[in-house]
Amino acid sequence: MAAGNIKILVIEDEPTIIEFLRTGLKYEGYNVLIASEGRRGLEIAQHTAVDLIILDLMLPDIDGMEICKKLRIEGNKVPIIILTAKTSVADRVSGLDTGADDYITKPFSFDELVARVRALLRRTGNELEKTVLKTDDITLNVETREVMKGTRPVHLTPTEFSLLELFLRHPKRVFTRETLLNRIFGYDFAGDTNIVDVHISHLREKIQDKPPKLIRTVYGTGYALQPENE
Ligand code: CA
């Protein structure tokens, strides 16, 4: 199934997070539905065949937990990822007791979220998503987190891994430093975009990226993956 056929319902009232999710998920090719109120979200979930729900717990009208419970009581098995600012273990457990499949605590990075979305869609058989990404002599396995350069294992930090995964998923797409910063560090990260250059430079070193570079610098803009054989 192509990502464009996958419908994700976001039930969230915080405008910043709504925009962050809408933009990011659309960029990944998903079909995104937004409900900024709990009742409206529940209605959509009850009447539309969505493939996954991203559900905030603290909503102005009804609690996200109630929505989750209600859907499960009605026999709705849609995969649900709970977004929560609460970090206590009790809250997490009760979230999963309610029938949610996964949870993610705020603040989160888009990368972390999209990884959970992909994993959950894979688990529920809704997406024939590639778990092994390849280009030239680089192989990245999303599930085992292994990266190989030819037959040599490459050890990357989580940030370097995320960057490489993003490039491999979108060959030739130009990513600005701002986009990369946002993707890796989250919507509330107010850092210098130079940090992106630092991570890219470490990544290039580790994969021994020699000219003509696989991860190309797009002057004045950012970076793009440019496979050698294309
Ligand atoms: Ca909220």
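Excluded from the calculations below are hydrogen atoms, water molecules and symmetry mates; all remaining heavy atoms, backbone and side chain alike, are included. Note that this is a predicted model, so its numbers are computed, not measured.
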Handout entry: Flag side-chain contact, heavy atom, 4.5 Å: Leu120 against Ile81
Key = yes
Problem - Cluster overlap Ile62 with Leu71, hydrophobic side-chain contacts below 4.5 Å - result: yes
Problem - Heavy-atom closest pair, residues Arg40 and Glu43 - result: NH1-OE1, 3.0 Å
Handout entry: Pairs flagged by ring pair (Phe, Tyr, Trp, His ring centres under 6.0 Å) wherever residues 191-223 is involved - sequence neighbours left out
Key = Phe185-His199
Practice task
Evaluate the criterion salt bridge (charged side-chain N to carboxylate O under 4.0 Å, His left out) for residue pair Arg39 and Asp63; output intermediate values, then yes/no.
Solution key: CA-CA 9 Å; Arg39 267 182 244 288; Asp63 193 84; over 6 Å; no
Exercise for the section: State which residue, out of Asn194, Asp192, Asp197, fulfils the side chain to side chain donor-acceptor pair (under 3.5 Å) condition with Arg177. Expected result: Asp197
Practice task
Would you indicate whether the side-chain heavy atoms of Glu143 and Arg122 approach each other to under 4.5 Å?
Solution key: yes
Practice task
Please determine, by modelled atom types, if Thr179 and Arg173 share a side-chain donor-acceptor pair under 3.5 angstrom.
Solution key: no
Handout entry: Leu9 side chain near Thr48 side chain, heavy-atom distance below 4.5 Å
Key = no
Problem - From CA spacing to verdict: side-chain contact (heavy atoms from CB on, under 4.5 Å), Lys106, Asp56 - result: CA-CA 10 Å; Lys106 296 176 181 179; Asp56 181 33; 3.1 Å; yes
Practice task
State plainly whether one hydrophobic cluster holds both Leu164 and Tyr27, where clusters connect Ile, Leu, Val, Met, Phe, Trp and Tyr through side-chain heavy atoms under 4.5 angstrom apart.
Solution key: yes
Handout entry: Whether over 12 other heavy atoms sit under 6.0 Å from Lys70 NZ
Key = no
Exercise for the section: Decide salt bridge (charged side-chain N to carboxylate O under 4.0 Å, His left out) for Glu28 and Arg169; before the verdict, give the C-alpha distance in whole Å, the side-chain angles of both, and the deciding distance to 0.1 Å. Expected result: CA-CA 9 Å; Glu28 289 300 316; Arg169 284 192 190 277; 5.7 Å; no
Practice task
May I ask you to test the Thr217-Arg204 pair for a side-chain heavy-atom distance under 4.5 Å?
Solution key: yes
Handout entry: Check: Gly38 main-chain N/O paired with Asp61 side-chain donor or acceptor under 3.5 Å
Key = yes
Problem - Donor on one side chain, acceptor on other, Thr144 and Glu146, under 3.5 Å - result: yes
Exercise for the section: Enumerate the residue pairs fulfilling ring pair (Phe, Tyr, Trp, His ring centres under 6.0 Å) with a member in residues 132-176, sequence neighbours excluded, ordered by first and then second residue. Expected result: Phe167-Phe175, His170-Phe175
Handout entry: Close side-chain approach of Ile54 and Leu21, heavy atoms under 4.5 Å
Key = yes
Handout entry: Shared hydrophobic cluster for Val198 and Val154 (ILVMFWY, side-chain gaps under 4.5 Å)
Key = no
Exercise for the section: For Met148 and Ile138, run side-chain contact (heavy atoms from CB on, under 4.5 Å): C-alpha distance rounded to whole Å, both residues' side-chain angles, the deciding distance at 0.1 Å, then the answer. Expected result: CA-CA 6 Å; Met148 302 288 284; Ile138 304 280; over 6 Å; no
Exercise for the section: To the nearest 0.5 angstrom, please state how far the OG atom of Ser109 sits from the CG atom of Leu181. Expected result: 11.0 Å
Handout entry: Side-chain donor-acceptor contact under 3.5 Å, Asp13 with Ser36
Key = no
Practice task
Measure the CD-CD1 distance between Glu12 and Ile18 for me, rounded to the nearest 0.5 Å.
Solution key: 6.0 Å
Exercise for the section: State, to 0.1 Å, how close Val117 and Leu52 come at their nearest heavy-atom pair, and which atoms those are. Expected result: O-CD1, 4.1 Å
Handout entry: salt bridge (charged side-chain N to carboxylate O under 4.0 Å, His left out) partners of Glu37, counting only residues at least two apart
Key = none
Exercise for the section: Identify the heavy atoms of Met65 and Leu57 that sit nearest to each other, and give their distance. Expected result: N-CD2, 3.7 Å
Handout entry: Side-chain (Asp209) to main-chain (Ile215) donor-acceptor, under 3.5 angstrom
Key = yes
Exercise for the section: Determine whether Leu42 and Leu33 fall in the same hydrophobic cluster, where Ile, Leu, Val, Met, Phe, Trp and Tyr are linked whenever their side-chain heavy atoms lie under 4.5 Å apart. Expected result: yes
Problem - Verdict with supporting geometry, Asp102 and Ile80, side-chain contact (heavy atoms from CB on, under 4.5 Å) - result: CA-CA 7 Å; Asp102 203 355; Ile80 297 176; over 6 Å; no
Problem - Pair Lys210-Glu205, salt bridge (charged side-chain N to carboxylate O under 4.0 Å, His left out): steps then yes or no - result: CA-CA 9 Å; Lys210 299 193 182 82; Glu205 249 168 61; over 6 Å; no
Practice task
For residues Gln226 and Asp136, determine if any side-chain heavy atom of one lies less than 4.5 Å from a side-chain heavy atom of the other.
Solution key: no
Practice task
Please tell me if the side chains of Phe20 and Phe108 come closer than 4.5 Å, counting only heavy atoms from C-beta onward.
Solution key: yes
Fill in the blank from the handout: Residue set satisfying salt bridge (charged side-chain N to carboxylate O under 4.0 Å, His left out) with Arg145, at least two apart, ordered chain then number -> none
Exercise for the section: Evaluate the side-chain contact (heavy atoms from CB on, under 4.5 Å) criterion for residues Ile67 and Leu59: first the C-alpha distance (whole Å), next the side-chain angles of each, then the deciding distance (0.1 Å), finally the verdict. Expected result: CA-CA 10 Å; Ile67 297 176; Leu59 293 161; 3.8 Å; yes
Problem - Heavy-atom pair with the smallest gap, counting every atom of Pro79 and Asp101 - result: CA-OD2, 3.1 Å
Exercise for the section: Kindly give the heavy-atom pair with the smallest separation between Ala35 and Ile44, and that separation in Å. Expected result: CB-CD1, 4.2 Å
Exercise for the section: Give a yes or no on whether a salt bridge exists between Arg116 and Glu112, defined as a side-chain N under 4.0 angstrom from a carboxylate O. Expected result: yes
Handout entry: Contact check, side chains of Leu25 and Val10, non-hydrogen atoms, under 4.5 Å
Key = yes
Exercise for the section: Could you tell me which non-hydrogen atom of Ile6 sits nearest to which non-hydrogen atom of Asp51, and how far apart they are? Expected result: CA-OD2, 3.4 Å
Practice task
Decide whether Ile34 and Ile8 are clustered together by the hydrophobic rule: side chain heavy atoms of Ile, Leu, Val, Met, Phe, Trp, Tyr closer than 4.5 Å, transitively.
Solution key: yes
Problem - For Thr151, all residues meeting side-chain contact (heavy atoms from CB on, under 4.5 Å), sequence neighbours excluded - result: none
Exercise for the section: Not counting sequence neighbours, which residues clear salt bridge (charged side-chain N to carboxylate O under 4.0 Å, His left out) with Glu178? List them please. Expected result: none
